[in-house]
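Throughout, a chain's letter reflects where its sequence line sits, starting with A, and its residues are numbered from 1.
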Number of protein chains: 2
Amino acid sequence: MNLRDLRYLLAVAEHEHIGRAAEACGISQPTLSVQLRKLEEALGVTLFERSSKAVTPTAACGLLIDHARAAVAEVDAILAVARSLQDPLAGRFRLGIIPTLAPYLLPLVFAPLRDALPALEIEPWEEQTEVLLKRLRGHELDAALLATDVDGPDLTSRPLFAEPFLAALPPEHPLVGRAVVAEAELASDILVLADGHCLRDQALEACGRHGALGSTLRVASLSTLLNMVAAGYGTTLVPGLAAGAAQDAGIVLRPLACQARRTVRLVWRASFPRRAALQAVGTVISGRLRGFAEGAASGIV
Amino acid sequence: MNLRDLRYLLAVAEHEHIGRAAEACGISQPTLSVQLRKLEEALGVTLFERSSKAVTPTAACGLLIDHARAAVAEVDAILAVARSLQDPLAGRFRLGIIPTLAPYLLPLVFAPLRDALPALEIEPWEEQTEVLLKRLRGHELDAALLATDVDGPDLTSRPLFAEPFLAALPPEHPLVGRAVVAEAELASDILVLADGHCLRDQALEACGRHGALGSTLRVASLSTLLNMVAAGYGTTLVPGLAAGAAQDAGIVLRPLACQARRTVRLVWRASFPRRAALQAVGTVISGRLRGFAEGAASGIV
DNA sequence: GGACCCGATAGGCATTGCCTATCACGACAG
DNA sequence: CTGTCGTGATAGGCAATGCCTATCGGGTCC
């Protein structure tokens, strides 16, 4: 049995006239005659009593027609919901963001995203890289903003902007007198975040170290780390977007000689179907951050 | 969109594996692949995210799938109801019967009908011929038992049995001494039913009259008429099936010379679809009344 | 009796649904 | 690192289906 047949059935039951029902269905009278008879044969039930005067629903038809109406209504509901879902730029969009990026990037891009994509309900989700990748692969996230390269053919990424690192020094630090600091000069007293933060590895790599000082120290957030530096416990590398927060904490920032930086990428499953949403989100963010790298690298924030 | 497609959708959503879903649907994997993609294109919505590892329902799919399930359930309900309705010998069967026949025929045939057609719920409906015909044409009845010929190409009939008339005489009537009474001999003092009863016309015609005695008399039921005759107010013709009731009322019955009779017919709309039910009902009734005409005509009841 | 209305039937054409065979691609093992 | 396996996508061909126009048949109404 076909869904079309049910619509035909409803039309005939409503009009009690095959010609007019056919017209209402947009088909010819003979077609409706044939299809109706086929439906009756398929069901094994005579649905209408035909005479030259009238086409009258049988008792059996009366018992079936409510179900037919309900089925057609459900299918129409499917079509209606599908239509409202057609816009890939609408609906929930679960976006993972790493913790060293979220507090500083989100305030910058949230309003532009809302303005450019008013129907897209972006739900930020803040966790460390590995957790985000797991959730991404598990369909718990639609995309993620990461600062690392991603591997595997199941994921695709798009670079959005480069985020330069800056040397973060306590006000009393000897290097404060320098206009530019070489990355390696920080190696001796650098403080880094706890394991799992990509910023930890990036900072250590930039200054040429492979193990961290104060390995007993488990600093879970960049804001804690900044306060530690401000209090004189050591130095660190801060990502450019956190420059304002660092200065607010009383930290002195200096550009780096080799202009160490990390690239922030939008990452998604290669099979994720809402390409338009990915592209739009990526474009809004990179557009908002255009020219940021140059300004930040030179210490102008 | 097709109903089949919804079943495919449900299968893929359940198995999250196109090959196995295809197997469950009894089709090949390529067919399911193609149909699923067509459905997605028709809805304008990506329903599943495919990777080499898994086929995962999208958020949009989750919103649609409940409607799909409901639609399929409704259609399955249609099929189930249709299956239960397939037997034309089952269900309500509204049978009109004229008043001069119903009280005497129904007790005879009701049990045989119930035994032969246990699933057929026969609902007797007692009214005069013209009313029954109107209801029959208006689909309020499925068939009727009448004692008149029917006209019009919209109705079809089948003779079931012949019902002889008998002369009904008060015990003191002069004709009681005769073994056989000629129809015309009753013309002088015959009593008949009120207008609208076919028996009225049949009785008058049999005895050669064209107007009735006691035209102010409106006797609405045969049982009243029989009591009138028993009380000596006149004679009448009784249909054979009412012979027992007439004798119980104290009436003397005599066979008629010309064996006047009426034919009881089953009548239905030519377009009425439940032919099997008509035939079965007719056959049970005529079988039960087989041989009745001969016995009744000779006064043996 | 002829025109008209209505549903049924016939024949032909384009679309569709399905099949088998094959491809493309990633995973996994030797 | 290469061959094999598993999985979904693609291609080509065939039969069934749905639809059309033209026509029929039966009944009604001037």
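- Atom-to-atom, CD of A:Glu41 to P of C:dA8 comes out at 12 Å; the value is rounded to the nearest Å.
- With no hydrogens or angles considered, a side-chain donor-acceptor pair links A:Glu49 and B:Ser271 at under 3.5 Å.
- Rounding to whole angstrom units, CG of residue A:Leu32 and P of D:dC20 are separated by 10 Å.
- Backbone-only engagement by A:Gln35 is indicated by non-hydrogen atom pairs under 4.0 Å involving sugar-phosphate atoms exclusively.
- Protein atom CD1 of B:Ile27 is 17 Å distant from nucleotide atom P of C:dT16, rounded to whole Å.
- Atom-to-atom, CG of A:Leu36 to P of D:dC19 comes out at 12 Å; the value is rounded to the nearest Å.
- Here the C1' atom of nucleotide C:dG17 and the CG atom of B:Leu3 are 15 Å apart, to the nearest Å.
- Phosphate proximity of C:dC6 to A:Arg50: absent, as no side-chain N or O sits under 4.0 Å from OP1 or OP2.
- Atom CZ in B:Arg4 sits roughly 10 Å away from atom C1' in D:dT17 (whole-Å rounding).
- Comparing D:dT7, D:dT10, C:dC19 by their closest approach to the side chain of B:Ser28 singles out C:dC19.
- The side chain of B:Pro30 has D:dA9 as its nearest neighbour among D:dA9, D:dG8, C:dT9.
- Proximity of B:His17 to the phosphate of D:dG8: a side-chain N or O atom is located under 4.0 Å from OP1 or OP2.
- For the pair A:Met1 CE and D:dG18 P, the computed distance is 13 Å after rounding to whole Å.
- Atom P of nucleotide C:dA8 and atom CD of A:Gln29 are separated by 7 Å, given to the nearest angstrom.
- Side-chain atoms of A:Thr46 and A:Glu40 include no donor-acceptor pair closer than 3.5 Å.
- In the model, B:Thr100 has a side-chain atom that pairs as donor or acceptor with a side-chain atom of B:Arg262 under 3.5 Å.
- At a threshold of 4.0 angstrom between heavy atoms, the contacts of B:Phe48 with the nucleic acid are absent.
- For B:Thr31, the listed nucleotide lying nearest its side chain is C:dC18; candidates were C:dA8, C:dC18, C:dT20.
- Of the candidate nucleotides C:dT9, D:dG18, C:dC6, D:dG18 has the atom nearest to the side chain of A:Lys38.
- Between C:dG7, C:dT9, C:dC18, one nucleotide has an atom nearer to the side chain of A:Val34 than all others, and that is C:dT9.
- Of the candidates B:Leu105, B:Leu106, B:Leu145, B:Leu95, B:Pro124 forms a side-chain contact (heavy atoms from CB on, under 4.5 Å) with just one, namely B:Leu106.
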With side chain to side chain contact (heavy atoms under 4.5 Å, CB included) as the criterion, how do B:Asn2 and A:Leu3 come out once you've worked through the C-alpha distance, each side chain's angles and the decisive distance to 0.1 Å?
CA-CA 6 Å; B:Asn2 196 317; A:Leu3 207 105; 5.5 Å; no
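- Counting only heavy atoms from C-beta on, A:Val55 has its side chain closest to C:dG7 among D:dT21, C:dG7, D:dC19.
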